2 protein chains.
Amino acid sequence: MKGPKRSLDVSKIVNAVMELLDEEPAAAPTLRGVAARLGVRPNTLYTYVPDRVALEGVVVEHLLELAGPAALAGGTPWRERITGYALRLRAELLSRPGVVPFFFSGPMNGPNAVMVGEGLLAAFTEGGLRPDDAARAAYAVIVHVLGSAALAAADLPGPGTSEAETLEARRTALAAGPPLTAATAATAAAWNSPEQAEWGINRLIDGCVRSLR
Amino acid sequence: MKGPKRSLDVSKIVNAVMELLDEEPAAAPTLRGVAARLGVRPNTLYTYVPDRVALEGVVVEHLLELAGPAALAGGTPWRERITGYALRLRAELLSRPGVVPFFFSGPMNGPNAVMVGEGLLAAFTEGGLRPDDAARAAYAVIVHVLGSAALAAADLPGPGTSEAETLEARRTALAAGPPLTAATAATAAAWNSPEQAEWGINRLIDGCVRSLR
DNA sequence: ACCTGAACACCGTTCAAGT
DNA sequence: ACCTGAACACCGTTCAAGT
């Protein structure tokens, strides 16, 4: 048995990124950090990946997969498939906030992105939308879930602070704001909660279904 | 007339950021770049701003203002006020893609953010929503417009490529994809267009209004 | 073909020092 | 109070060189 010609491949690099995120979920992985974890020099990674954006794209593909796009294909009612995937993806991202910027650093056109798109299209079609509306609806859902995840990640408390006290501080601040804001401070303070993300996605789907006529 | 005690203030710093964005809209402004443009050492900025995230927060506030939040308060039908502000904000961001990440680097709780929230609340209330639903709807709109802007910015072609050929390349790629994707390739390829952003926001508002009952 | 050594041109941030 | 000099600990990326 002769030794391996190469010690690395792209999937090992992605694994290293995921391990870094496991250890420090809020820290954005860097090429140098990934290389160090693999016991290799930073420039070695350029043998496998053209640049940082490309590596981030591969990680994005991995996360789209992690959220279980296969479940989009069928089995449960169409609407649950959509909200299910959307909320699973959001949860995966928010359990690793450091990865969120990766979704906004380049076009999202890998095979898993296409598969997710196809699954959402199928679900919306099953929901009664015409093809073009289904396409618009599918991408609107992606926009919403990624926007929600990104804003929630930006709002995460630093290591010193608990989520509850951040929430309470915000509620108090909003209660001192203009009238309508003050009157809804408790709701508004939790605007980055999973519950409100679910509410938003459901309203979006409601609106899409309504455009059936 | 004695010389000024300080040569700088926060608004001059924000101006410098905006000038950098005017010159190179896709480049993310840096503290060092801003300092250089002001003819000052990088660490000088720490007299005016505690760190990079805080500076970005001030720039975010400036952009929320640029999109004209005052027009949210009244004058036109409630629904146009919402879509108008949302699409103006999106356009401001996409004419300066380098600033987009600033919206995701920290909590968005400045006075203009509160004012925008209040304006959206007023509009949705006028549209017939109960206060808590209006609050959820207001923030869902923000989520959607910022998500849309961020994904569109990530999809922008590099300096070498035109928008039209990027679109055409994507359409061709999607046409070779799975069946539903292929059937809607023309629509799907333009998923980051302003038209589809407007479609998405309108569907979201539709869905919110429907939750009146 | 794969990996390294060394360098380049950057970052944000700190701290003691000058005025 | 404001700004600087100098340094620290980082980045992504390149290129020639070694195996």
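Everything quoted here is computed from the prediction, not taken from an experiment. Labels below follow one simple rule: chain letters A, B, ... track the order of the sequence lines, proteins then strands, and each chain is numbered from 1.
- Of the candidate nucleotides D/dT13, C/dG12, D/dC2, D/dC2 has the atom nearest to the side chain of B/Thr47.
- Counting non-hydrogen atoms of neighbouring residues, nucleotides and ligands closer than 6.0 angstrom, the CD atom of A/Glu19 exceeds 12 such neighbours.
- Proximity note for B/Val40 (side chain, C-beta onward) versus D/dG12, D/dT4, C/dT13: the nearest is D/dT4.
- The two residues B/Ala154 and A/Ser105 come nearest to each other via the heavy atoms CB-N, 4.1 Å.
- Taking atom CG of residue B/Leu31 and atom P of nucleotide C/dT14, one finds them 11 Å apart after rounding to whole Å.
- Projected onto DNA chain C by closest heavy-atom contact, B/Tyr46 and A/Leu8 fall at different nucleotides, the more 5' of which corresponds to A/Leu8.
- Out of D/dT13, C/dC11, C/dC2, the shortest distance to the side chain of B/Thr30 is found at C/dC11.
- Remark: C1' of C/dC3 and CG of A/Asp9 are 15 Å apart, rounded to the nearest angstrom.
- Looking at the side chain of A/Arg41, the nearest of the listed nucleotides D/dT13, C/dT4, D/dC2 is C/dT4.
- Nearest to the side-chain atoms of A/Arg32 among the listed nucleotides D/dC3, D/dT13, C/dG12 stands D/dT13.
- In the set D/dT13, D/dC3, C/dC11, the nucleotide with an atom closest to the side chain of B/Ser7 is D/dC3.
- Partner assigned to D/dC8 is C/dG12, using Watson-Crick or G-U wobble distances below 3.5 angstrom.
- A 3.5 Å limit on both hydrogen-bonding distances identifies no Watson-Crick or G-U partner for C/dC3.
- Taking only side-chain nitrogens and oxygens, A/Tyr48 comes nearer than 4.0 Å to OP1 or OP2 of C/dC3.
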Applying salt bridge (charged side-chain N to carboxylate O under 4.0 Å, His left out), run through B/Glu92 and B/Arg88 and close with a yes or a no. CA-CA 6 Å; B/Glu92 292 292 350; B/Arg88 285 197 304 279; over 6 Å; no
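- Distance, A/Asp51 CG to D/dT14 P: 8 Å, rounded to whole Å.
- Counting heavy atoms of neighbouring residues, nucleotides and ligands inside a 6.0 Å radius, atom CD of A/Glu168 exceeds 12 of them.
- Note on B/Arg52: only backbone sugar-phosphate atoms sit closer than 4.0 angstrom, heavy atoms only; bases stay farther off.
- Side chains of A/Thr187 and B/Asp132: a donor on one and an acceptor on the other come within 3.5 Å.
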